[in-house]
Amino acid sequence: MSSFLSIESSAWSNEERVPHTDLPWVWFGYIFAFAFLVAEVLHVALDLSEGFKLILILIALSGWIYWLFCVSRFHKILEELSAGRYPIDPPKAVGYHFVPFYNFYWLFKWPRVLANYLNERGRVRIVNGYLLGFMLLLSAILRLFDGALGLACLYTVTLYISSKLRRHIDQVKGTNPAMLPPPPPDSRLFRQQDPQATEPQPQQTPQPNAIVRD
């Protein structure tokens with residue numbers, strides 16, 4: 001555990017690089033939530049057969065797989081930002097969601113590491129990682145009662161993370177010396193000289209003291 005924390009803390013202290021990987025289209029996840037809602041309404045309103053539930057399962061599964069893709073892409077970008085020093089790589093970020101029981105802890109673990117990384121760099125401010133993990137866990141629970149609502153909440157939290165990461169990347173791009181604008185020219189080059197200040201002033205000869213007569 002101590003070695004993990006040391007690796008994590010050392011990642012913050014190094015300069016960042018502009019990532020080559022693009023952020024995922026998180027908004028695309030709302031399409032799965034909307035599709036699930038439409039299918040759910042049709043299933044209830046038209047009293048379709050039980051076999052129609054298979055479509056609901058496929059939509060929910062597709063939405064969850066795409067969410068894992070977004071998580072993997074986040075960690076790929078963080079890996080490029082930190083030049084490979086970020087402690088969680090994309091396979092680990094996705095794979096631990098499939099470990100029984102540990103996956104509940106992992107929903108809090110990777111958001112905490114991500115939030116700490118962004119906050120320690122100081123370019124953006126993001127809420128506590130444990131709060132993000134709680135919202136992700138709540139979204140997973142909501143999926144058991146309403147798949148559309150659960151997916152919508154899941155992608156809302158993910159969209160928030162994506163927006164913070166995007167702002168962080170923009171800040172990194174802005175501080176890259178190669179992308180900074182050239183310095184402005186010296187203002188003294190455009191300063192007009194005052195002719196009165198440059199012309200020599202005539203020297204006044206001292207007058208002899210006046211003779212005082214009685």
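For this chain, numbers begin at 1 and follow the sequence in order. The figures here come from the full heavy-atom set of this structure, side chains too, leaving out hydrogens, waters and symmetry mates.
No continuous path of ILVMFWY side-chain contacts below 4.5 Å connects L54 to L42, so the two sit in separate hydrophobic clusters.
The side chain to side chain contact (heavy atoms under 4.5 Å, CB included) search around R17 returns A83, not counting sequence neighbours. Residues forming a side-chain hydrogen bond (donor to acceptor under 3.5 Å, both in side chains) with E79 (at least two apart in sequence, or on another chain): none. With sequence neighbours excluded, the residues that form a side chain to side chain contact (heavy atoms under 4.5 Å, CB included) with V26 are P24, C70, F74, Y155, T158, L159, S162. Applying the ring pair (Phe, Tyr, Trp, His ring centres under 6.0 Å) test to Y102 and every residue at least two apart in sequence or in another chain returns Y96, Y105. F101 is linked by a side chain to side chain contact (heavy atoms under 4.5 Å, CB included) to nothing, counting only residues two or more places apart in sequence or in another chain. With sequence neighbours excluded, the residues forming a side-chain hydrogen bond (donor to acceptor under 3.5 Å, both in side chains) with T21 are E80, listed by chain and number. Taking the side-chain hydrogen bond (donor to acceptor under 3.5 Å, both in side chains) definition, one finds that H168 meets it with E16, sequence neighbours left out. Every residue meeting the ring pair (Phe, Tyr, Trp, His ring centres under 6.0 Å) condition with F69, not counting sequence neighbours, appears here in chain and number order: Y66. Under the rule for a side-chain hydrogen bond (donor to acceptor under 3.5 Å, both in side chains), the partners of T156 that lie at least two apart in sequence or sit in another chain are Y30.
Residues F134 and F108 keep their aromatic ring centres 6.0 Å or farther apart. For W67 and H97, the gap between ring centers is short of 6.0 Å.
The hydrophobic cluster containing L37 also includes V41, under a criterion of side-chain heavy atoms closer than 4.5 Å among ILVMFWY residues, counted directly or through chains of members.
For the residue pair V124 and N119, the shortest heavy atom distance occurs at O-OD1, 3.7 Å. When all heavy atoms are compared, the tightest approach of H75 to V71 is ND1-O, 2.8 Å. Contact between L56 and A39 at its shortest, heavy atoms only, is CD2-CB, 3.4 Å.
The closest side-chain heavy-atom distance from V99 to W106 is not below 4.5 Å.
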Just list the side-chain donor-acceptor pairs under 3.5 Å for residues 138-146, sequence neighbours left out, or say none.
unit_1	atom_1	unit_2	atom_2	d
S139	OG	M135	O	2.8
S139	OG	L154	N	3.4
D146	OD1	A148	N	3.1
D146	OD1	L149	N	3.4

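Shown here is K164, whose NZ atom has more than 12 heavy atoms of other residues, nucleotides or ligands within 6.0 Å.
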